[in-house]
There are 2 protein chains.
Amino acid sequence: MKNAVKGDIIYASSPDKFEIFEDGYLLFENDKIIGVTNEINDDYEVIDCSKKLIIPGFVDIHIHAPQINNIGLGADKELMDWLEIYTFPEEAKYKDVEFAKKPYQKFVNKLLNNGTTSSVVFGSIYNESTEYLMDLMDKTGLRAYVGKVNMDRNSPDFYIEKTQDSAKNTVKFVEDTIGKYKNIKPIITPRFVPSCTSELMTELGEIAKKYDLKIQSHLSENRREIKFVNELHPECNCYVDVYDKYGLLRDNLNTVMAHCVWTDEHEMQMLKSKQVMVAHSPYSNGNISSGISPVSKLIKNGVDVGLASDVSGGHEIFMGKVIVMASILSNMRWVHIDDTYPQLKFEQLFYMATKGGGKFFGDVGSFEKGYKADFLVIDDDSLSDSNDRTVRERLQRFLYIGDDRNIQSVYVDGKKIK
Amino acid sequence: MKNAVKGDIIYASSPDKFEIFEDGYLLFENDKIIGVTNEINDDYEVIDCSKKLIIPGFVDIHIHAPQINNIGLGADKELMDWLEIYTFPEEAKYKDVEFAKKPYQKFVNKLLNNGTTSSVVFGSIYNESTEYLMDLMDKTGLRAYVGKVNMDRNSPDFYIEKTQDSAKNTVKFVEDTIGKYKNIKPIITPRFVPSCTSELMTELGEIAKKYDLKIQSHLSENRREIKFVNELHPECNCYVDVYDKYGLLRDNLNTVMAHCVWTDEHEMQMLKSKQVMVAHSPYSNGNISSGISPVSKLIKNGVDVGLASDVSGGHEIFMGKVIVMASILSNMRWVHIDDTYPQLKFEQLFYMATKGGGKFFGDVGSFEKGYKADFLVIDDDSLSDSNDRTVRERLQRFLYIGDDRNIQSVYVDGKKIK
């Protein structure tokens with residue numbers, strides 16, 4: 001049987017414009033979109049969501065699950081201090097899978113309730129709790145890449161691995177989880193250059209290649225961090241070259257690098273030529289004083305950029321808020337730093353939070369034929385006012401002032417999971 | 001009878017540090033604070049809010065009531081276009097007091113539910129609906145200055161006044177409302193220099209003086225606006241001098257000017273010497289691409305700065321979010337523009353959103369003896385995690401990720417209004 005959801009449908013198939021079908025039908029069969037139309041025949045079983053907005057599920061391409069307890073705390077620190085004081089002590093607790101159960105359930109609920117159907121997730125350095133998280137995400141019906149984190153240097157005694165243990169546990173993690181779930185997949189996750197020796201990075205590059213895995217990490221986030229990387233790797237020209245040298249820039253949309261606040265021309269060229277995706281994390285960049293990423297410049301130069309909450313450097317899981325923050329920081333960059341590149345437009349930002357980031361997953365984040373049937377039903381009645389508003393305005397208003405209370409239903413692969 | 005509220009009490013009597021009384025008592029008699037203590041005798045009737053946070057009510061020193069319907073819309077425009085396309089057509093509807101009733105009720109409910117006990121409010125150019133709003137705020141029990149807006153040039157045909165009508169209606173508005181309410185007071189409200197002729201500004205200055213009224217307006221928000229002001233007033237050196245020349249900078253904390261994004265040394269000196277308060281409006285400055293105000297520099301130079309939502313240029317009424325946005329923009333200014341002045345600290349920002357802005361009202365925004373008994377009871381249980389958190393951390397978390405759902409009760413003048 002084919003299915004149709006009736007409602008006010010809006011999505012961005014390109015960064016330039018919305019496709020809008022007021023009182024339209026989103027058609028799907030099993031886990032795949034058939035298309036969007038204003039008229040249907042009797043072949044379809046209709047779910048009536050008239051007057052509701054129907055939008056693609058959000059895609060968050062960089063988020064740290066074991067930082068969920070710290071959300072909303074410590075934003076008055078800078079990156080390196082924030083890691084020492086808040087982050088590492090918290091992540092270390094995930095050695096105990098019993099401890100992990102409650103916060104990981106909260107993490108999964110938050111993603112679900114905020115309509116983030118696809119995410120790229122950092123776990124902790126511990127296999128057991130990371131695999132527990134994957135089980136939970138699978139049971140909940142979400143789509144994700146999840147990584148066991150690697151750290152074998154410049155980390156506190158209570159949260160560090162030996163190089164060979166780190167590599168060995170990564171192989172075990174991959175073999176335990178690869179092919180185990182339909183929509184939850186392992187990803188290679190060196191924390192960032194300061195926490196990984198050259199030896200470990202080399203091993204991780206080889207594991208990624210052997211098992212054909214994607215890779216996630218951090219790049220050029222903060223000035224102190226970049227200086228530290230340059231000191232650690234005099235054999236490389238710059239930060240991005242370290243990842244490249246040790247085989248961690250897998251090309252063709254197989255690598256996501258978070259932040260890229262201080263990306264220069266060379267780094268931009270590398271990201272473009274390798275087709276590395278950038279996870280723009282505006283809240284985190286603002287909170288811990290990293291800076292404003294040159295997102296428009298990256299995009300104009302052919303780099304793929306998606307949006308990310310970066311919990312808990314960022315404190316907002318709801319991707320609507322992330323869109324707003326990306327817009328504001330882009331405006332401020334345009335006013336104060338560089339007006340050569342335009343401000344990010346609303347269409348572009350919504351694209352980045354859906355189809356743009358969705359590219360990392362394949363056919364995710366749009367309502368074009370063949371895309372995964374991942375969508376949200378938004379009840380924006382509580383946000384309405386005395387005026388008639390267009391579907392575009394209603395979407396904007398939901399993203400700006402709505403929240404999880406407005407997300408009525410969540411579908412992944414055509415199945416209702418909330 | 002004297003009253004005491006038992007709970008985890010936190011407030012900022014100075015910008016540098018919090019006063020914290022875990023499991024303490026906030027004491028008040030009638031509408032005034034007596035003090036805060038950890039032990040009490042039998043003279044007090046105790047309201048038990050154990051485990052809840054008790055904080056001063058928020059103070060929002062710049063907000064536009066008739067823009068409430070537009071909240072979350074139009075943030076992809078710049079100031080002058082945003083006024084033309086979204087703002088003026090909406091405000092013009094408030095000629096009809098019947099139309100005004102529903103959105104003004106919504107406006108008042110939003111303030112109440114978000115714990116904004118004191119606010120400085122722009123109405124529309126219409127007396128009747130502005131007075132209706134004041135009645136409503138009075139009945140709800142809020143504290144506010146509310147202004148009938150003045151506009152007699154460079155405004156659309158459908159939303160403009162004749163100079164003499166504008167002045168005459170202002171006198172009527174003042175005489176209708178002065179002394180009418182305990183906590184709701186009229187304020188003189190020239191929209192901004194571009195919308196007011198020199199003649200009207202002169203008249204408004206005289207009315208303010210005659211009736212001893214406070215004044216609110218906008219200053220140095222956007223580069224195009226500033227250029228326009230300079231063209232309109234070749235007889236003045238700069239924007240702030242226009243207000244000064246026409247008698248609209250009443251000194252001694254009697255004037256509030258919103259924005260001050262592009263304030264230079266001269267303007268800063270004027271604001272300081274006249275003791276004009278600045279309403280820092282970070283969301284609006286970000287949304288409509290005005291820029292990042294040099295808040296730390298203003299403060300270090302002795303200018304009083306409070307925080308403002310600036311709805312609907314800003315889309316967040318909750319002052320917790322405004323604090324966060326002010327923090328992020330301050331961080332970005334420090335990283336990218338000027339690291340001579342420090343980032344705004346959390347204590348400072350909370351002070352600005354309570355006692356700092358509260359100075360405009362007199363003894364408002366603190367729990368020191370003699371201050372108004374305006375306070376909020378915050379139930380942050382839904383935000384808690386597996387870790388013990390300090391009262392300071394709980395406050396930070398509430399401001400970052402809490403919302404109206406966590407504001408359990410609201411008190412003004414010692415009376416529970418929610």
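So you know, we letter chains A, B, ... as the sequences are listed, proteins then strands, and number each from 1.
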- Message: For B/His315, which atoms come within 4.5 Å of any heavy atom of chain A: side chain, backbone, both, or neither?
- Response: both

- Message: Are A/His218 and A/Trp262, when compared by the centres of their aromatic rings, separated by less than 6.0 Å?
- Response: no

- Item | Rounded distance (nearest 0.5 Å) linking atom CD of B/Gln348 with atom OG of B/Ser296 | 7.0 Å

- A/Asn387 versus chain B, the contacting section by heavy-atom distance below 4.5 Å: side chain

- Message: Using modelled atom types and a 3.5 Å cut-off, is there a donor and acceptor pairing between side-chain atoms of A/Asn406 and backbone atoms of A/Gly402?
- Response: no

- Item | Segment of A/Asn285 engaging chain B (4.5 angstrom heavy-atom cut-off) | backbone

- Item | chain A contact via B/Phe99 - which portion, at a heavy-atom distance below 4.5 Å | side chain

- Query: Top residue by heavy-atom pair count (under 4.5 Å) with chain B, among A/Arg405, A/Glu78, A/Lys321, A/Lys345?
  - Reply: A/Arg405

- Note on the structure: Rounded to the nearest 0.5 angstrom, the OG-CZ distance for B/Ser293 and B/Arg333 is 7.0 Å

- If you count heavy-atom pairs under 4.5 Å between each of A/Asp385, A/Ile401, A/Leu399 and chain B, which one has the most? A/Asp385

- Task: Could you check B/Tyr400, B/Phe18, B/Phe398 and say which one makes a ring-ring contact (aromatic ring centres under 6.0 Å, His included) with B/Phe350?
- Result: B/Phe18

- Message: Taking the six-membered ring for Trp, are A/Phe88 and A/Phe158 closer than 6.0 Å centroid to centroid?
- Response: no

- Message: Hydrogens and angles aside, do A/Glu90 and A/Gln67 bring a side-chain donor and acceptor to less than 3.5 Å of each other?
- Response: no

- Note on the structure: Honestly, the part of A/Ser330 sitting under 4.5 Å from a heavy atom of chain B is neither

- Query: A/Glu98 and salt bridge (Lys or Arg N to Asp or Glu O under 4.0 Å): which partner among A/Lys95, A/Lys101, A/Lys102?
  - Reply: A/Lys101

- Note on the structure: Okay, A/Leu329 and chain B: the region with an atom under 4.5 Å from a heavy atom over there is side chain

- Message: Tell me whether A/Asp8 contacts the main-chain N or O of A/Leu53 through its side chain, where contact means a donor paired with an acceptor under 3.5 Å.
- Response: no

- Item | Segment of A/Ile337 engaging chain B (4.5 angstrom heavy-atom cut-off) | side chain

- Message: At a heavy-atom distance under 4.5 Å, which candidate from A/Arg397, A/Met332, A/Arg223 has the highest pair count against chain B?
- Response: A/Met332

- Item | Heavy-atom pair count under 4.5 Å with chain A, highest-scoring of B/Ile68, B/Val335, B/Asn69, B/Leu73 | B/Asn69

- Among the options B/Asn287, B/Ile288, B/Asp403, B/Asn70, pick out the one with the most heavy-atom pairs lying under 4.5 Å from chain A. B/Asn287

- Note on the structure: Bottom line for B/Tyr86: the part with an atom under 4.5 Å from chain A's heavy atoms is side chain

